[in-house]
Each structure stands twice: as C-alpha cells, then as structure tokens.
Amino acid sequence: MRFETLLIVGGGLIGSSIARAARAKDQCKTIYIADTSEAACKSITELGIADGVADGHADHFAAQADLVILCTPSARLATTAMNLMPSLKAGAVLTDVGSVKGHLVQALAGRLRKDIHFVPGHPIAGTENSGPEAGFAELFEKRWCVLTPPKGTNETAVADLIAFWKGLGSLVEVMDPSRHDMVMATTSHLPHLIAYTLVGTAIDMETVTNKEVVKFSAGGFRDFTRIAASDPVMWRDVFLTNKTATLEMVDRFIEDLTALKRAIRWDDGDMLLDNFAKTRDIRRRILDADKD
Ligand SMILES: NC(=O)C1=CN([C@@H]2O[C@H](COP(=O)(O)OP(=O)(O)OC[C@H]3O[C@@H](n4cnc5c(N)ncnc54)[C@H](O)[C@@H]3O)[C@@H](O)[C@H]2O)C=CC1
Ligand SMILES: O=C(O)C(=O)Cc1ccc(O)cc1
C-alpha cells in the first residue's frame, strides 16, 4: 500500500468512484472526502464510502493525507489546490482528475510548496452523469489514466501514483500536458462539442417537433443524446480551458465535413465509401483493444 490516508476533494461522479474503488481494491487505509455541497456530503455519508466527510474546511483531513486527489469541477482546481496548500502534510502527493491539463499546470506553476509532490492526472473514464450517487467502483477498470508530471517531479511520487491508479484497475501513461490536451481535444472534447451541436440543431429544427425527435430517436441520434446530456458546467469549463487545441480540431473537422458535403453534392460515392470504410476500421481496432 503506497498511501495510507487518502483525501478526495469533490465527492461527485469521479471522486466518489475513486473512493469506492480505493476501498474495494484495498488501496489505502483511511479515506476522507471533502465537498462544499451540503447535499453531496449528506449523500456521501449515507453511501458510507468515506471514513470522514467534511463540508467546507478540509484542513484537518489535508494535514493527515498522504495522497490528495482534487476532483472538483476544473475551473475550481487551481484555487482549491492553493487553499489547501498550507495544510498539506510535508511529502504528500497532490494530484487531480481534471479533463484539461495545460491550463492547470500553468495556473499552479511556481506557486506550490517545495515539499509537496504535484502530479497532475486525468482518468479517461466517466459517464454523462454527475454527483456521488452516479459513481461506481469499476469505473476505472481497464481505462487509461494519463499523468502529466512537470519536469523534475520526484520519481517516487510519480511511481507511487502510477501504482495507485493501476491498483484501481487503470492502465497508466505519462504524457506532456500539451500533448494530453491535443489528444483529448480529438478523442473527447470535439466529440462532445459535435454532440451538443447535433442535438441542439435537431431541437431547433422548425419542421420537426421536439416530440418527433424523441419518438424517432432509435438510431445514431440516440447515442449522441447520451453525450449531449453531459454536465453543462463541466463542459463549458473544458472548452474554455482547452481553447487552442479545441479550436484547431474544430477547424479540421469543418474542413473534413466540407469535403464530405462536396462528395455528396457531386455524387462522389468512391470518396464517401473510402471515408466510411476507414472509420469502420477504427471501431474494430477499439473493440479489439478492449478485448486485450
Ligand atoms: N464526468 C466525467 O465523465 C469526467 C470528469 N472528469 C473531471 O473530474 C472532475 C469532476 O467531475 P465530476 O466528478 O464529473 O463532477 P461532479 O459534479 O459529479 O462532482 C464534482 C463535486 O465537486 C464538488 N465541489 C465543487 N466545488 C468544490 C470545492 N471548491 N471544494 C470541494 N468540492 C467541490 C461538487 O459539490 C461536486 O460534488 C472535473 O474536473 C472533470 O473535468 C474527468 C474524467 C471524466
Ligand atoms: O461519457 C463519455 O462518453 C465520456 O467521454 C466520459 C468522459 C468525460 C470527460 C473526460 O475527461 C473523460 C471521460
């Protein structure tokens, strides 16, 4: 066991899932959760997933924790880290689960205590649901978790955190924050933006009433509505903090969409076939990787 005492700040979907998984997989002895929402604290207490729950000040828990995981909405991560900084135990590992890394690393650069090991992280695992009740212990099973430690970070701290995530069932990769943000812009942020747009367009269609959109949503549209049901505040923050990479991906997407539009207009069936065959192949590769 690398960390005896764990403090999770923000006990929603991700925080509560970490608590459940850490308990189920015996990854630490004591689990504390701090959450500023009274309702979330009540729910966490009722679920019995922590040894101690704090609404508001978590300084007494922070002073005992060997590992602190920030699981708040991403816009609050930097402030939460700075507020906890004076209370943290010397030698503690501080990490987070935010969906965007470059923004946080920049916001905290040069502001952290030298005796705290900051190792930013991002489990690429989640759902469209939020809150403590939405969490589950198996969420990280066979899912990637990306760590983006700044150059010169204590190697033992990084190795301990890797072991912790592997202990929860994750696969772990270490990456540069800007590379992480570009990869996520492609595989997660752009797809969410497209889903929000697509569902929004369908709702706005004057000729199709809302009722019909719901009634005939058997196929592809239904899959998009799941993604478009994701937390609006969280996704607003993702796009505003990963602006550069997202805008680059949106530009590329518009170009590719325009190319497909052109192929449809000019009856270029070969071009369409070529594209669709390639994407089908990606799906097969993803499913094959899941089997490994
Ligand atoms: N939802 C998802 O699928 C994934 C989310 N993430 C990241 O995880 C983080 C949390 O997301 P979720 O768990 O989905 O959100 P959530 O809304 O389910 O939980 C966030 C919790 O943080 C609490 N909170 C807000 N401000 C706080 C503060 N200052 N101090 C303490 N608690 C505070 C809220 O009351 C709430 O209970 C975000 O940064 C997000 O980018 C990462 C991977 C997947
Ligand atoms: O529910 C989905 O489809 C997701 O993509 C979940 C998710 C949301 C945000 C992340 O940073 C990582 C994973």
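Just so you know, ligand 1 is whichever comes first in the structure, and atom 1 is the first atom listed for that ligand. The first residue of the sequence shown is numbered 1, and numbering continues consecutively from there. We use all heavy atoms of the structure for the numbers below, so side chains are in, but hydrogens, waters and symmetry mates are not. Being a predicted model, the structure only gives us computed values, none of them experimental.
- When all heavy atoms of Leu13 and Ala134 are compared, the closest pair comes out as CD1-O, 3.4 Å.
- The aromatic rings of Trp235 and His189 lie perpendicular to each other, with more than 60° between the two planes, well past the 30° mark.
- Of the options Lys101, His122, Glu173, a side chain to side chain donor-acceptor pair (under 3.5 Å) to His180 is made by His122 and by none of the others.
- Closest heavy-atom approach to atom 9 (C) of ligand 1 within the set Thr72, Ile33, Thr241: this belongs to Thr72.
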Applying salt bridge (charged side-chain N to carboxylate O under 4.0 Å, His left out), run through Asp51 and Lys29 and close with a yes or a no. CA-CA 9 Å; Asp51 300 295; Lys29 271 194 187 149; over 6 Å; no

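- A pairwise comparison of heavy atoms in Lys89 and Ile116 identifies O-CD1, 3.3 Å as the closest pair.
- For ligand 1, the polar-atom distance check against His122 finds no nitrogen or oxygen pair separated by under 3.5 Å.
- Remark: ligand 1 and Leu77 share no N or O pair separated by less than 3.5 Å (distance only, no angle test).
- Side chains of Glu133 and Ser43: a donor on one and an acceptor on the other come within 3.5 Å.
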Given the rule in the salt bridge (charged side-chain N to carboxylate O under 4.0 Å, His left out) test, do Lys42 and Glu38 qualify, once you have shown the distances and angles that lead to the verdict? CA-CA 6 Å; Lys42 187 168 175 282; Glu38 227 176 274; over 6 Å; no

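- Side-chain contact, Arg20 with Ser16: a donor N or O sits under 3.5 Å from an acceptor N or O.
- Scanning the protein for heavy atoms near atom 19 (O) of ligand 1, the closest one is Gly12 CA, 3.2 Å.
- Looking only at protein heavy atoms, the nearest one to atom 20 (C) of ligand 1 is Cys71 O, 3.8 Å.
- With hydrogens and angles disregarded, a donor-acceptor distance shorter than 3.5 Å links the side chain of Arg113 to the backbone of Leu88.
- The distance criterion of under 3.5 Å between nitrogen or oxygen atoms is not met by Pro123 with respect to ligand 1.
- Remark: minimum distance from atom 26 (N) of ligand 1 to any protein heavy atom is reached at Arg76 NH1, 2.6 Å.
- A donor-acceptor contact shorter than 3.5 Å is absent between the side chain of Thr30 and the backbone of Thr5.
- Ring-plane geometry between Phe239 and Tyr196 is classed as perpendicular, the angle between the planes exceeding 60 degrees on a 0 to 90 degree scale with a lower cut at 30.
- Across every non-hydrogen atom of Leu7 and Ala58, the tightest pair is CD2-O, 4.4 Å.
- Looking only at protein heavy atoms, the nearest one to atom 22 (O) of ligand 1 is Gly10 CA, 3.5 Å.
- The side chain of Met234, and not its backbone, has at least one atom closer than 4.0 Å to an atom of ligand 1 (non-hydrogen atoms only; side chain from C-beta on).
- Here the shortest heavy-atom pairing between Ala263 and Met271 reads CB-SD, 3.6 Å.
- Closest approach of Ala75 to Asp237, counting heavy atoms only: CB-OD2, 3.3 Å.
- By heavy-atom distance, the residue among Val233, Leu70, Asp35, Val9 lying nearest atom 36 (C) of ligand 1 is Asp35.
- Residue contacts with ligand 1: Val97 is included, with a non-hydrogen atom under 4.0 Å away.
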Does Glu141 form a salt bridge (charged side-chain N to carboxylate O under 4.0 Å, His left out) with Lys25? I'd like the steps, not just the answer. CA-CA 11 Å; Glu141 211 67 67; Lys25 306 256 185 182; 3.1 Å; yes

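- A donor-acceptor contact shorter than 3.5 Å is absent between the side chain of Asp115 and the backbone of Ala90.
- Given atom 33 (C) of ligand 1, the protein heavy atom at minimum distance is Thr36 OG1, 3.2 Å.
- Counting heavy atoms under 4.0 Å from ligand 1, residue Thr127 touches it through the backbone alone.
- Polar contact with ligand 1: present for Ser99 (N/O pair, distance under 3.5 Å).
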Contacts table for ligand 2: protein N or O within a distance under 3.5 Å of ligand N or O, distances only.
{"residue": "ligand 2", "atom": "1 (O)", "partner": "Arg226", "partner atom": "NH1", "Å": "3.1"}
{"residue": "ligand 2", "atom": "3 (O)", "partner": "Arg226", "partner atom": "NH2", "Å": "2.8"}
{"residue": "ligand 2", "atom": "11 (O)", "partner": "Ser99", "partner atom": "OG", "Å": "2.7"}
{"residue": "ligand 2", "atom": "11 (O)", "partner": "His122", "partner atom": "NE2", "Å": "2.6"}

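- Any N or O atom pair closer than 3.5 Å counts here, and Asn129 shares no such pair with ligand 1.
- The distance from ligand 1 to the heavy atoms of Ser130 drops below 4.0 Å at these ligand atoms: 17 (O), 18 (O).
- Taking the side chain to side chain donor-acceptor pair (under 3.5 Å) definition, one finds that Thr153 meets it with nothing, sequence neighbours left out.
- Considering backbone and side-chain N/O atoms, Gly15 never comes within less than 3.5 Å of an N/O atom of ligand 1.
- Atom 14 (O) of ligand 1 has as its closest protein heavy atom Leu13 CB, 3.8 Å.
- Of the candidates Gly11, Ser230, Gly131, Ala34, the one placing a heavy atom closest to atom 18 (O) of ligand 1 is Gly131.
- When only non-hydrogen protein atoms are considered, atom 29 (N) of ligand 1 lies nearest to Thr80 OG1, 3.7 Å.
- Using a 4.0 angstrom heavy-atom cutoff, Ala125 counts as in contact with ligand 1.
- In terms of protein heavy-atom proximity, atom 13 (O) of ligand 1 is nearest to Ile14 N, 2.9 Å.
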